[in-house]
**Q** 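I'd like to ask you about the structure that follows.
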Number of protein chains: 2
Amino acid sequence: MIMKIATFNANSIRSRLPILLQWLEDHKPDVLGIQETKAQDVDFPKEAIEAAGYHVVFRGEKSYNGVALICKSEPTDVKFGFDDGGPADETRLVRAMVDGVAVVNTYVPQGRAIDHVMYKYKLGWYARLKKLFEAEYAPDQPLAWIGDINIAVEPIDVNRPETRKDDPCYHIDAHNAFLDVCSFGFTDVFRKHHPDEEIYSFFDYRAKDAIAKNLGWRIDYVLTTDPLTAKSISCEIDLEPRKKEKPSDHTFMVAEFGA
Amino acid sequence: MIMKIATFNANSIRSRLPILLQWLEDHKPDVLGIQETKAQDVDFPKEAIEAAGYHVVFRGEKSYNGVALICKSEPTDVKFGFDDGGPADETRLVRAMVDGVAVVNTYVPQGRAIDHVMYKYKLGWYARLKKLFEAEYAPDQPLAWIGDINIAVEPIDVNRPETRKDDPCYHIDAHNAFLDVCSFGFTDVFRKHHPDEEIYSFFDYRAKDAIAKNLGWRIDYVLTTDPLTAKSISCEIDLEPRKKEKPSDHTFMVAEFGA
DNA sequence: GCAGGCCCCG
DNA sequence: CGGGGCCTGC
């Protein structure tokens, strides 16, 4: 039996509903984590997703952030946000159990600029996330951390890396914060299957012909603990949705895990 | 030889460019008067219209109003607005000579409400228009007054007329102001050919299933002096564009004049 | 309900 | 560039 786990920063789930529903129909993932739904819960297109044969849990707000988990099986133990006394950020973090797999879907703060208070917040967010993994999960359980993590890790994860040193999504402190969370026991499944490929998951709307010129970033990830990593068959970035009418600036990444 | 004269309130010529270009290709009018272009002159899609084989003259402003004349032959004596000492309203009135026919394209003020200062302005606008016709044209010359005149004249020109008595587009004073201009020598060409039909040219976006339930207004007109009226062969409202994706709230009216 | 404007944001 | 707000207008 194969399990498909996917992630997509929708940049408004309402604007992306046609692309989302088409992708669900074409790829039939077992789990799809969404980030940047940009919809209050009353405005979330629950019915359309359920009509497509999926369960969905979500937490959003006006204009910014918002996460969802779209699952073939009903997710259990659904929790939003942190519970560590800091800002809960319920619209940036959702986790649940799906078919015996723990899934953690995050929309990590972008950070604005390395001299901005939001960058400090981003680094702190990674530290809080590591604590959450340590407190509530174990590296020997099947665990998938997915989402828009707003960091490109290696030079091949971003175009023109030499110009990105001071970018909040490529700065050394961000790298270290991310790698520290990975030290819990996570493997970057895409990179496992594609050790050298410069394929990106995000293309800024403002960059001219970004997709044709491959001017993007790989900032969306499927990260797994060993029990899942061992079963990983493939992990692909699907560029097609980024080429459609009214696309998100991100596109889908999907990983397959076998028996 | 047949001359086709048409009118269309585009509610943004930029948003309506696909529908407009398709309609030009399908109907090949000799003259098409546009209202509510909602584009400054620098933003007007001149090239696309010229590429379709038409001449075009236009005057617009940010967000509101804006008129254009789209013509197979090059229009001459092009003039915008009034020249009577009052507000010129150059983005509500354009006139020209086209193939020996005088064409006056108007976007008459809507009036807001009958107790609003804009309603007085609307009534005054009709009076100014009558003076313009008297000063610069003659009833025995071929003259077409076209456009969104923001008045439904008879009960069959609007759905549920009994509820419209206090509507600035149906109020008695508006009727009289319009009929006074018509006394110059104008005939409502659509009504000449369709004496009893309840067919409308405008359907409010807010009315549920407006077009299916025929909940509209006939507020767009082709009005002609006797030399043209005598040659009038047909006048139709084309509902198809109103049913397309991203329609204007108005649709096209087109009149044919024979030799 | 859908235009356009303006703002904030990445 | 394109989301979402919010405003105005019809």
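A, B, ... follow the sequence lines: proteins, then strands. Residue 1 opens every chain.
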**Q** Excluding sequence neighbours, so at least two apart, what forms ring pair (Phe, Tyr, Trp, His ring centres under 6.0 Å) with B/F186?
**A** B/F133, B/W145, B/F184
**Q** Whole angstroms only, please: what is the CG-P distance between A/L215 and D/dC1?
**A**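 From A/L215 CG to D/dC1 P: 15 Å.
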**Q** Tell me whether the rings of B/F82 and B/W125 are parallel (<30°), tilted (30 to 60°) or perpendicular (>60°).
**A**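 Plane angle over 60°, so perpendicular.
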**Q** Roughly how many Å is it from CD1 in A/I211 to C1' in D/dG2, rounded to a whole number?
**A**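 A/I211 atom CD1 is separated from D/dG2 atom C1' by 15 Å.
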**Q** Are B/R16 and C/dA3 close enough that a side-chain N or O sits under 4.0 Å from OP1 or OP2?
**A**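 True: B/R16 side-chain N/O within range (under 4.0 Å) of C/dA3 OP1/OP2.
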**Q** Taking CZ from A/F202 and P from D/dG3, how many angstroms apart are they, rounded to a whole number?
**A**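 Roughly 13 Å, once rounded to whole Å.
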**Q** In this structure, how many angstroms lie between the P atom of C/dA3 and the OH atom of B/Y107, rounded?
**A**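 Computing the B/Y107:OH to C/dA3:P distance gives 15 Å.
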**Q** Between B/H175 and B/Y170, does the ring centre distance come in under 6.0 Å?
**A** yes
**Q** How are the rings of B/F178 and B/Y126 set to each other: parallel, tilted or perpendicular (split at 30° and 60°)?
**A**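 Taking B/Y126 first and then B/F178, their aromatic rings stand perpendicular (interplane angle over 60°).
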**Q** Tell me if the centroids of the rings in B/Y119 and B/H171 come within less than 6.0 Å of each other.
**A**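 Ring centroids of B/Y119 and B/H171 are less than 6.0 Å from each other.
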**Q** In whole angstroms, how far is the P atom of D/dC10 from the CH2 atom of B/W217?
**A**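 In whole Å, D/dC10 P lies 14 Å from B/W217 CH2.
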**Q** Take a 6.0 Å sphere around NZ of A/K120 and say whether it holds more than 12 heavy atoms from other residues, nucleotides or ligands.
**A**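 Counting other residues, nucleotides and ligands, NZ of A/K120 stays at 12 neighbours or fewer.
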**Q** Of A/S15 and A/Y205, whose nearest nucleotide on DNA chain D comes first from the 5' end?
**A**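 Here A/Y205 is the residue nearer the 5' end.
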**Q** State whether the side chain of A/N159 and the backbone N or O of A/G216 hold a donor-acceptor pair below 3.5 Å, judged by distance alone.
**A** yes
**Q** DNA chain C: B/S12 or B/R206, which has the more 5' nearest nucleotide?
**A**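 Here B/R206 is the residue nearer the 5' end.
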**Q** For nucleotides 6-9 of chain D, give me every protein contact, N/O to N/O, under 3.5 Å, one pair per line with atom names.
**A**
{"unit_1": "D/dC6", "atom_1": "OP1", "unit_2": "A/K62", "atom_2": "NZ", "d": "3.2"}

**Q** Rounded to whole Å, please give me the gap between CD in A/E61 and C1' in D/dG4.
**A**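 Distance check: A/E61 CD to D/dG4 C1' gives 11 Å.
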**Q** In whole Å, what is the span from the CD atom of B/E36 to the C1' atom of D/dC10?
**A**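 About 7 Å, once rounded to whole Å.
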**Q** How about A/N11 and A/E36: does a side-chain donor come under 3.5 Å of a side-chain acceptor?
**A** no
**Q** Tell me, which of residues 241-249 of chain B have any heavy atom that sits under 4.0 Å from an atom in DNA chain D?
**A** none
**Q** Give me the ring orientation class for B/F203 and B/Y200: parallel if the planes are under 30° apart, tilted from 30 to 60°, perpendicular past 60°.
**A** perpendicular
**Q** Please report the distance, rounded to the nearest Å, between NE2 in A/H250 and P in D/dC1.
**A**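 Those two atoms, NE2 and P, are 18 Å apart.
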